[in-house]
2 protein chains.
Amino acid sequence: MSRASDRAYEGIRGMIISGELPAGAPLGEEALADSCGVSRTPVREALRRLEAEMLVRRTESQRSFVADWSLDEIEDVFELRAMLEGHAARRAAERMDQATLGKLRESNERIGTAISGQEPDIDAFLEGNRIFHSLILDIASSPRLTSLLGSLIEQPVVWRTAHHYGREELRRSHREHDELLAAFARRDGGWADSIMTGHIRRAFHAYADAHRGLSSIDRTRQRAKA
Amino acid sequence: MSRASDRAYEGIRGMIISGELPAGAPLGEEALADSCGVSRTPVREALRRLEAEMLVRRTESQRSFVADWSLDEIEDVFELRAMLEGHAARRAAERMDQATLGKLRESNERIGTAISGQEPDIDAFLEGNRIFHSLILDIASSPRLTSLLGSLIEQPVVWRTAHHYGREELRRSHREHDELLAAFARRDGGWADSIMTGHIRRAFHAYADAHRGLSSIDRTRQRAKA
DNA sequence: CCTGTGTGATTTGTATACAATAGACATTGA
DNA sequence: TCAATGTCTATTGTATACAAATCACACAGG
């Protein structure tokens, strides 16, 4: 974390995820270097990493831009996530132990608390979700799978729209986690796979619905910036 | 191809795949720069790309080495490939057209020719295989899936041991491709998925068997280099 | 004999200068 | 007016110098 290339990576990534740099924004190396307080060399390295994670795109003439995702591409990502996380859940169920099961239960209880109040705490919900899924990934014990999913999860566009989830979606997500826990407790890999796959696919449709409602706003906003 | 960073990438990658740089060999930036005729800057970029493809590993102190794979890790990779290529085959079947089907048939005929002679032409077999699978990936029309598989296929260790495949494995691979063609012709995604998944899983066991037979030789060879 | 420590050599991280290349824009000619 | 072309600017690619970190090994102390 102390290295300049990490600062550049965190900085640029943060600006993309927060929306400070909107989709399609040009990413000049010099400008980024200034804004991160480092030289171009670590910025270049950060850009390559972000490109590998598909948060950044490069034209054939090597200019970098904030990646801009079509709904088709996003569906594509969710489809793959559904498959891979389903697989992770299957492996996790087969390898489940009491300690991890306890931590998963605890994590989902925190999610329950976060969404039970009058005004749901979305950030706490997202953080709990992150922990829940990463516990599963850990016990699935497949570094390669972890690495593949790493390039698919944490889509900024998804993160941002999670704030538009309704109470219903949040509650349903929490219930699906509970069902997953039941499958884990019984070490039933096939069951866990099915629930997780459905969980992710449902998340896509929740996203798509929210996005369609937002799309006209987004387009206006983008025109205003251009 | 004309850029120095590409020369460095191709050069280092070639040395790893050919075995000139064996698994575990240290990859000093200066030495690589000299051997590729470029400066350290493009070498660094090439190393990061190769690290993302998991052909190169870095210690926590940032020193790079040629990745060395345990059998468990290789099984892990094959398991994921089986799932992802199965998925690709399913999508390909659903989107199949006559032109692609023709190219796939032609490609598998070339594979048949390559292995029908007295002495099978392994390089032609591998090249035909590569084309066959990449045609499927193309028509599957999922850039993200292509990118995920890109980081799993082309394991040097697999490439090298393909030369130890027996006539039986080569013939069986050819037949399985034919069955895949039948599934494609009928646009039966589920069937295509099953065949492809089995095809890859079988390939793993062929590899594992060959590897176990070879392991003592490999270890001797590695000791000789050290 | 083993362990811990310090020093020198090696290696990587970063900044910067310069070269090459792509993009923008204006000028010129039809 | 439109198109082609040349120049000028902005951006990326590469090399290199220097700083920081790490490793290897010798040496002292227990």
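Below, all heavy atoms of this structure are taken into account, side chains as well, without hydrogens, waters or symmetry copies. Everything quoted here is computed from the prediction, not taken from an experiment. First the proteins, then the strands, lettered A, B, ... as listed; each starts at 1.
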Rounded to whole angstrom units, what separation is found between the [atom1] atom of [X] and the [atom2] atom of [N]?
{"X": "B/F65", "N": "C/dT12", "atom1": "CZ", "atom2": "P", "value": "9 Å"}
{"X": "A/R58", "N": "C/dT21", "atom1": "CZ", "atom2": "P", "value": "16 Å"}
{"X": "A/E45", "N": "C/dT14", "atom1": "CD", "atom2": "P", "value": "7 Å"}
{"X": "B/E60", "N": "C/dT12", "atom1": "CD", "atom2": "C1'", "value": "15 Å"}
{"X": "A/R40", "N": "C/dA17", "atom1": "CZ", "atom2": "P", "value": "12 Å"}

Quick one: which of [options] gets closest to the side chain of [X]?
{"X": "A/Q62", "options": "C/dA15, C/dT12, D/dT12", "answer": "D/dT12"}
{"X": "B/E29", "options": "C/dT14, D/dG13, C/dG13", "answer": "C/dG13"}
{"X": "B/R3", "options": "D/dG13, D/dA15, C/dT12", "answer": "D/dG13"}
{"X": "A/T41", "options": "D/dT16, D/dG13, C/dT16", "answer": "C/dT16"}

Give a yes/no on whether any side-chain N or O of [X] is located under 4.0 angstrom from OP1 or OP2 of [N].
{"X": "A/R63", "N": "C/dA22", "result": "no"}
{"X": "A/R48", "N": "D/dG13", "result": "yes"}
{"X": "A/R44", "N": "C/dA15", "result": "no"}

Less than 3.5 Å apart, any donor N or O on the side chain of B/E85 or B/H199 sitting next to an acceptor on the other? no

Could you check whether [X] gets within reach of a base, just the sugar-phosphate, or nothing at all, counting any heavy atom under 4.0 Å?
{"X": "B/L32", "result": "nothing"}
{"X": "B/L47", "result": "nothing"}
{"X": "B/S61", "result": "sugar-phosphate"}

Shortest non-hydrogen pair, B/G86 vs B/T197, comes out as CA-OG1, 3.8 Å

Contact summary for B/R40 and B/A33, nearest pair of heavy atoms: N-CB, 4.0 Å

CA sep, side-chain torsions, deciding dist, call: B/R44, A/E45, salt bridge (charged side-chain N to carboxylate O under 4.0 Å, His left out): CA-CA 9 Å; B/R44 288 172 68 80; A/E45 191 169 323; 3.7 Å; yes

Which residue lies toward the 5' end of DNA chain D, A/E30 or B/V38, if each is placed at its nearest nucleotide? A/E30

I'd like to know if B/E10 and B/R13 make a salt bridge, using a cut-off of under 4.0 Å between side-chain N and carboxylate O. no

